[in-house]
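What follows is a single structure, written as structure tokens, with notes after it.
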Number of protein chains: 2
Amino acid sequence: MSAPRRSFTRDDPETRRAALIAAVLDLMAEDGPQAATVRAIADAAGLSQGMIRHYFSTKEELINAAYQAHMEAQLTATRASLPACGTAMARLARIITVSLTPPVSDPRTLSLWAAFIHMIRRDPAMRATHERNYLRFRDLLESLIVAACADSGRPVSKVEARRLAIACNAVLDGLWLEGGALPEAFAPRELEQIGMTSVSAILGLTLECEAT
Amino acid sequence: MSAPRRSFTRDDPETRRAALIAAVLDLMAEDGPQAATVRAIADAAGLSQGMIRHYFSTKEELINAAYQAHMEAQLTATRASLPACGTAMARLARIITVSLTPPVSDPRTLSLWAAFIHMIRRDPAMRATHERNYLRFRDLLESLIVAACADSGRPVSKVEARRLAIACNAVLDGLWLEGGALPEAFAPRELEQIGMTSVSAILGLTLECEAT
DNA sequence: CCGCTAATCATACGCTTGTATAGTTTCTCG
DNA sequence: CGAGAAACTATACAAGCGTATGATTAGCGG
């Protein structure tokens, strides 16, 4: 009648921590923050409930670690996808594509973002992480914008660059949001193309999607 | 030492329901969905805990009612702010302003949106409400875009209108999101002006902010 | 091969949750 | 004006929560 005792299998601490973090992200993305209970987390990670407090001093600490890991993975993936060489315009087009296709643009990612935002507001450490990553991305975008405009013989001032970066970032964020909220309301690469033409219009350039 | 018994004060059922709904929205916006417990809700509404089940058959029903009320208020406010007469371009400019200033663009509104999105995914009724309101707003925006473009001698096709509406909506959503997430990162009417110039660029028009 | 440490498991504890129920007050109407 | 219904309060209850605590197993140096 009673469930058999879970078998003992030792593993690398790093693996265990990663499993717990992955479980947190899965649960939060799927069913919201209140679904990530210690029991559900341990279950999803295939561990017993005590492990979470063995590797993290509290549940909140695990949640914070999961948030950090998620943000880092997101930014790393974006950075890695940018070709080191290539024209500034190609790099700009590429970051638009990456930002508007999975795994960055995703119902799952949007869901996670929504789940974390309240914790971001309350916890100063999480808030700092959030702000830093957000501005880091916008600065990256701004530098690409400045380079692309300069290359096409239309240099922009510093204040203008800021405004353009905010505007282009808004386009990306807005399309990311809509694609994540209503994924089946758009054709496969529709958001990517709309993003490309919109940014082109805002900057006065002509960006094009790469062929797949 | 025990708290004194709460005094009896009868009131209009509609007022009571409204008080409970307002309490739900306040708590959710301030501290996230898990802060809206029955005890906290009743307390915030100045009522005893039993009232929530007296006016709503379950807590979930109250949450749904709160979501409906919030969405309706939002859309009604937007609609009401549009001048019935005036040029199409003026109306378009007006909807941009309204969408990017309080109470529509607000940390509170963003917070509420994030709190509700997981319920939207699970509950088909809430999902239907969400989808309907989203598309209704986008259709309104699209009709204004079509009219404004036509007025300035640049008629757009049906498919083009859809794409432009999605793009402009994305600009508004993105700026709304950024303003809500980092309110102090922008100057007072900065987002409004960026929205105006961005939409202008996308549509090939020249919209201008009204003076306050 | 034994015993020790650390990893892992199971379970208990106090608290909060949503819901159900019993008790109290106010209002209405015959 | 006095019963009876309806609004309202308070409290009880089972379930689930995060945390704490022992019991159990695996690896490793003597």
Side-chain angles (χ1 to χ4, degrees), chain A residues 1-24 27-28 30-67 115 118-119 122-123 126, chain B residues 1-24 27-28 30-67 115 118-119 122-123 126:
Chain A
M1 281 307 293
S2 68
R5 190 184 178 87
R6 188 185 298 274
S7 68
F8 269 66
T9 46
R10 295 207 164 191
D11 211 333
D12 185 35
E14 223 44 50
T15 309
R16 290 270 129 114
R17 288 175 61 97
L20 288 172
I21 285 174
V24 167
L27 287 166
M28 281 202 167
E30 197 60 36
D31 292 317
Q34 62 264 56
T37 68
V38 288
R39 286 160 182 83
I41 293 168
D43 222 45
L47 302 173
S48 75
Q49 184 181 156
M51 297 311 290
I52 150 172
R53 250 182 76 75
H54 187 256
Y55 283 106
F56 300 90
S57 72
T58 183
K59 183 198 168 187
E60 190 180 348
E61 194 180 303
L62 167 57
I63 302 291
N64 283 25
Y67 177 66
H118 291 106
M119 314 179 192
R122 246 192 314 280
D123 187 340
M126 289 185 78
Chain B
M1 275 291 69
S2 69
R5 190 185 179 87
R6 187 186 298 275
S7 67
F8 270 65
T9 47
R10 293 207 165 191
D11 210 333
D12 185 35
E14 221 46 49
T15 309
R16 290 269 127 116
R17 288 174 62 97
L20 288 170
I21 286 175
V24 167
L27 287 167
M28 281 202 166
E30 197 60 34
D31 294 316
Q34 62 263 53
T37 67
V38 289
R39 285 159 182 83
I41 293 167
D43 222 45
L47 301 173
S48 73
Q49 184 182 156
M51 297 311 291
I52 146 173
R53 251 182 77 73
H54 187 256
Y55 284 107
F56 300 89
S57 71
T58 183
K59 182 196 168 188
E60 192 182 346
E61 193 180 302
L62 167 58
I63 302 291
N64 283 25
Y67 177 65
H118 291 107
M119 312 176 192
R122 246 193 315 280
D123 187 339
M126 289 186 77

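A note on names: the letters A, B, ... follow the listed sequences, proteins ahead of strands, and every chain is numbered from 1. None of these values were measured; they are calculated from a predicted model.
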message = Working to the nearest 0.5 angstrom, can you tell me the gap between B:I41 CD1 and B:I52 CD1?
response = 4.5 Å
Separation of atom [atom1] in [X] from atom [atom2] in [N], rounded to whole Å:
| X | N | atom1 | atom2 | result |
| --- | --- | --- | --- | --- |
| A:Q34 | D:dA15 | CD | C1' | 16 Å |
| A:D12 | C:dA6 | CG | C1' | 14 Å |
| B:K59 | D:dA15 | NZ | P | 19 Å |
| B:L62 | C:dG18 | CG | P | 11 Å |
| A:D11 | D:dG27 | CG | C1' | 14 Å |
| B:L20 | D:dT9 | CG | C1' | 14 Å |
| B:F8 | D:dA6 | CZ | C1' | 11 Å |
| A:I41 | C:dT8 | CD1 | P | 17 Å |

key: Selection: residues 48-57 of chain A, any non-hydrogen atom under 4.0 Å of DNA chain D   = A:Q49, A:R53
request  = Check whether the side chain of B:R10 and the base of D:dA6 form a donor-acceptor pair under 3.5 Å.
outcome  = yes
Side-chain N or O of [X] versus OP1/OP2 of [N]: is the shortest distance under 4.0 Å?
| X | N | value |
| --- | --- | --- |
| B:T58 | C:dG18 | no |
| A:R6 | D:dT25 | no |
| A:T9 | C:dT8 | no |

Closest non-hydrogen atom pair, [X] against [Y]:
| X | Y | answer |
| --- | --- | --- |
| B:I21 | B:A66 | CG2-CA, 3.8 Å |
| B:S57 | B:E61 | OG-OE1, 2.6 Å |
| A:A65 | A:F56 | CB-CE2, 3.8 Å |

Salt bridge (charged side-chain N to carboxylate O under 4.0 Å, His left out) partners of B:R10, counting only residues at least two apart = none
query = If you look at every strand shown and take non-hydrogen atoms under 4.0 Å, does A:R39 touch a base, only sugar-phosphate, or nothing?
reply = base
key: Contacts of type side-chain contact (heavy atoms from CB on, under 4.5 Å), residue B:D123, not counting sequence neighbours   = B:E60, B:N64, B:A125, B:M126
request  = Check the pair A:V38, A:R53 against side chain to side chain contact (heavy atoms under 4.5 Å, CB included), reporting the backbone distance first and the verdict last.
outcome  = CA-CA 9 Å; A:V38 288; A:R53 250 182 76 75; over 6 Å; no
